Amino acid sequence: MQLYKNQQLKVHNSLSGKKEPFEPINEGHIGMYVCGPTVYSNVHLGNCRTFMSFDMIFRYFKHLGYKVRYVRNITDAGHLENDADEGEDKIAKKAKLEQIEPMEVVQRYTVDFHNTLQQFNFLPPSIEPTATGHIIEQIEIIKEIIDNGFAYEINGSVYFDVIKFNETNDYGKLSGRKLEDMIANTRELTAQSEKRNPQDFALWKKAEPQHIMRWPSPWGDGFPGWHLECTAMSTKYLGETFDIHGGGMDLKFPHHECEIAQSEASSGKSPVKYWLHANMLTLNGKKMSKSTGNNIYPSEIITGENDILSKAYSASVVRFFMMQAHYTSILDLSDEALLASEKGYYRLMDGMDNVSKLNTGASSDFDVKSWLQKCYDAMNDDFNTPILISQLFEAVKHINLIKEGKESITEADKTLLQNTMTTFVHEILGIENQAAAEDNSQTLSGVVELLIGLRNEARSNKDFATSDKIRDELIALGIQLKDGKDGTTFSLK
RNA sequence: GGCAUCGUGGCCGAGUGGCUAGGCACAGCUCUGCAAAAGCUUGUACAGCGGUUCGAAUCCGCUCGAUGCCUCCA
């Protein structure tokens with residue numbers, strides 16, 4: 001189904017700073033590149049949020065019927081610790097620290113990355129290329145940039161000539177910076193640099209003898225600069241110009257700015273039609289930082305083994321929490337906020353469980369069709385998941401009213417409602433019903449039904465001590481009884 | 001210091017020149033043996049100070065504060 005023909009999507013393009021109608025370069029097809037993690041430590045919760053935003057975007061594109069090629073790289077080499085001069089590879093540093101091979105570091109944290117994303121119900125990207133697997137492609141781009149006169153070699157290293165580039169192109173157009181300002185604000189460099197100008201960045205760095213990760217090149221043994229891999233891999237798999245490039249806000253400068261420069265300097269074309277940037281996640285109102293202890297890992301939230309939160313929260317709740325904020329807004333994670341989201345999450349899940357049980361009638365008090373379009377309108381407005389969720393709660397309200405017999409719904413509307421809820425919650429937001437998936441087994445419901453029966457017996461005998469005991473001890477086990485007009489049901493908390 | 005994003009009711013979080021976000025919490029009511037669950041009702045908020053306008057929380061300026069990048073940190 002090519003839904004995209006009927007839904008006009010708008011996206012916030014960081015390049016223009018405006019919301020623009022989304023029109024892919026090739027009709028029906030989308031190329032999307034997202035900067036993936038550097039696998040030198042456990043994946044950070046803030047990274048998870050960024051990737052989750054793009055996972056949702058990927059899901060929505062697919063839902064609209066686009067054929068999407070989603071490329072998310074793994075950075076397993078090449079990122080220097082700083083851009084100045086004498087940098088060390090983050091991975092090489094970690095390898096030294098742990099006394100293992102660099103590729104062991106890479107393997108360990110790539111596995112952690114995949115495991116974590118799986119817990120949060122991520123869809124795998126179409127291609128997940130690695131930097132070390134594309135050294136040749138990176139070297140080829142450097143050659144092109146040198147041939148076009150925008151890079152120079154010194155002592156086995158190659159640098160991008162930003163000032164030269166800025167004469168014919170606009171360096172800083174993405175991040176709103178002006179080269180003159182950057183030059184004026186440059187600080188004194190402590191180490192002497194072989195770069196012509198401090199703004200220049202490395203395309204290829206010569207490997208010192210002790211450097212473990214190294215590859216041969218026309219300029220001697222070395223390793224690629226930190227912005228080059230994304231240019232090489234996005235060009236290889238998506239072409240010189242593609243639709244969407246995403247990443248965290250923190251990558252806007254210099255990383256994405258340099259990517260634009262590299263592409264324009266090699267192919268002569270601006271690489272990306274729409275730049276999308278996901279905003280940061282803070283913890284208790286402050287930035288996350290390992291050094292101050294204001295930091296939490298995804299696994300620590302799920303297990304509850306941390307000093308920051310009062311309890312454990314399921315991956316589904318965390319995902320729901322993140323989807324309640326717009327991807328371009330800073331989101332603050334706190335115990336209070338998670339607690340509130342958890343309750344809302346269960347309310348939504350209960351609502352979804354109840355749809356199938358609704359009795360149908362001759363007419364509908366709930367205009368499902370116009371509600372459905374409101375859901376699309378929310379997503380079409382730059383993937384506004386908070387508004388979508390508010391619409392989902394609107395539906396929950398009607399579901400509950402129908403359940404209580406205060407409103408009615410036709411069979412056709414009920415089916416449409418059920419399908420739409422499933423589509424938006426599970427397929428697009430990627431939120432699962434964790435409790436139901438985990439242990440809502442036949443045996444359990446049989447046992448609880450039995451207890452409900454015993455409790456009702458006690459109640460009709462006015463033996464409230466017994467009936468309350470059953471109710472209270474079940475709630476202590478996480479099973480909530482719900483007394484309604486048509487008897488008692490239960491749900492897991 | 002520069003650039004960027006932002007500052008919304010008790011909390012989280014949308015929106016944006018005049019008209020309802022939503023969730024959680026709180027209160028009242030309905031329901032109940034009492035509760036819980038569910039439903040209904042209520043909240044007139046938009047950092048501060050100026051300016052533009054018939055009208056601004058929404059536009060402009062300044063101030064303060066937060067977060068990100070520029071510098072190791074996601």
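Here the structure is a predicted model, which means the values were calculated and not measured. Below, each value reflects all heavy atoms present in this structure, side chains not excepted, and no hydrogens, waters or symmetry copies.
- The aromatic rings of His255(A) and His227(A) sit tilted, their planes meeting at an angle between 30° and 60°.
- Proximity of Arg455(A) to the phosphate of U32(B): no side-chain N or O atom is located under 4.0 Å from OP1 or OP2.
- For G33(B), the base has a donor-acceptor partner in the side chain of Asp468(A) [N/O atoms by modelled type, under 3.5 angstrom].
- Taking the nucleotide of RNA chain B with the nearest heavy atom to each of Asp250(A) and Ile387(A), the more 5' of the two is matched to Ile387(A).
- Residues from residues 388-404 of chain A that place a heavy atom under 4.0 Å from any atom of RNA chain B, listed by number: Ser390(A), Phe393(A), Lys397(A), Asn400(A), Leu401(A), Glu404(A).
- The base of C70(B) has none of its N or O atoms less than 3.5 Å from a complementary donor or acceptor on the side chain of Arg177(A).
- Within the nucleic acid shown, Gly176(A) comes within 4.0 Å of sugar-phosphate atoms alone, with no base atom in reach, counting heavy atoms only.
- Checked by atom type and distance alone, the side chain of Gln199(A) never pairs as donor or acceptor with a backbone atom of Ile163(A) at under 3.5 Å.
- A pairwise comparison of heavy atoms in Ile302(A) and Ala312(A) identifies O-CB, 3.4 Å as the closest pair.
- Judged by distance alone with a 3.5 Å cut-off, a donor-acceptor contact links the side chain of Arg471(A) to the base of C34(B).
- Residue-level contact check: His326(A) touches the backbone only, with heavy atoms under 4.0 Å from sugar-phosphate atoms and none from bases.
- The phosphate of U5(B) has neither OP1 nor OP2 within less than 4.0 Å of any side-chain N or O from Thr328(A).
- Side chain of Thr410(A) to backbone of Ser363(A): no donor-acceptor contact under 3.5 angstrom is found.
- Ion pairing between Arg196(A) and Asp161(A) holds under the 4.0 Å rule for side-chain N and carboxylate O.
- Of the candidates G23(B), U67(B), G15(B), the closest approach to any side-chain atom of Arg347(A) belongs to G23(B).
- The listed nucleotides are C24(B), C11(B), U32(B); the one nearest the side chain of Glu336(A) is C11(B).
- Listed nucleotides U67(B), A37(B), C11(B) differ in distance to Lys482(A); the shortest reach to its side chain belongs to A37(B).
- Between the C1' atoms of G13(B) and A21(B), the separation comes to 10 Å (whole Å).
- When each of A36(B), C12(B), G13(B) is scored by its nearest atom to the side-chain atoms of Phe321(A), the top-ranked nucleotide is C12(B).
- No donor-acceptor contact under 3.5 Å links the side chain of Asp350(A) to the base of A38(B).
- When distances are taken from the side chain of Met280(A) to each of G68(B), A14(B), G33(B), the shortest belongs to G68(B).
- Annotation: U52(B) and U41(B) have their C1' atoms spaced 40 Å apart (nearest Å).
- Where RNA chain B pairs in unbroken runs of 3 or more (Watson-Crick or G-U, both distances under 3.5 Å), the stems are B:1-7 with B:64-70, B:10-12 with B:22-24, B:27-30 with B:38-41, B:47-51 with B:59-63.
- Of all nucleotides listed (G33(B), G68(B), C70(B)), C70(B) comes nearest to the side chain of Phe253(A).
- Partners of Glu305(A) under the side-chain contact (heavy atoms from CB on, under 4.5 Å) rule, at least two apart in sequence or in another chain, are Thr303(A).
- Annotation: cation-pi geometry satisfied between Arg72(A) and Phe51(A) (NZ/CZ under 6.0 angstrom from ring centroid, within 45° of ring axis).
- If Leu281(A) and Lys287(A) are placed on RNA chain B by their nearest nucleotide, the residue sitting closer to the 5' end is Lys287(A).
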- Could you walk me through whether Tyr33(A) and Phe54(A) pass ring-ring contact (aromatic ring centres under 6.0 Å, His included), step by step? CA-CA 10 Å; Tyr33(A) 188 92; Phe54(A) 289 103; over 10 Å; no
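- Across all strands, Leu251(A) comes closer than 4.0 Å to no nucleic acid atom at all (heavy-atom distances).
- Within 4.0 Å of Leu338(A), counting heavy atoms only, lies no atom of the nucleic acid at all.
- Here the two rings, on Tyr274(A) and Phe22(A), have centers that are under 6.0 Å apart.
- If you check every strand for non-hydrogen atoms under 4.0 Å, Ser329(A) touches sugar and phosphate atoms only.
- Residue-environment remark: CG (Asp472(A)) exceeds the threshold of 12 foreign heavy atoms within 6.0 Å.
- Using a distance-only test at 3.5 Å, with no hydrogens or angles considered, no donor-acceptor pair links the side chain of Ser408(A) to the main chain of Ser364(A).
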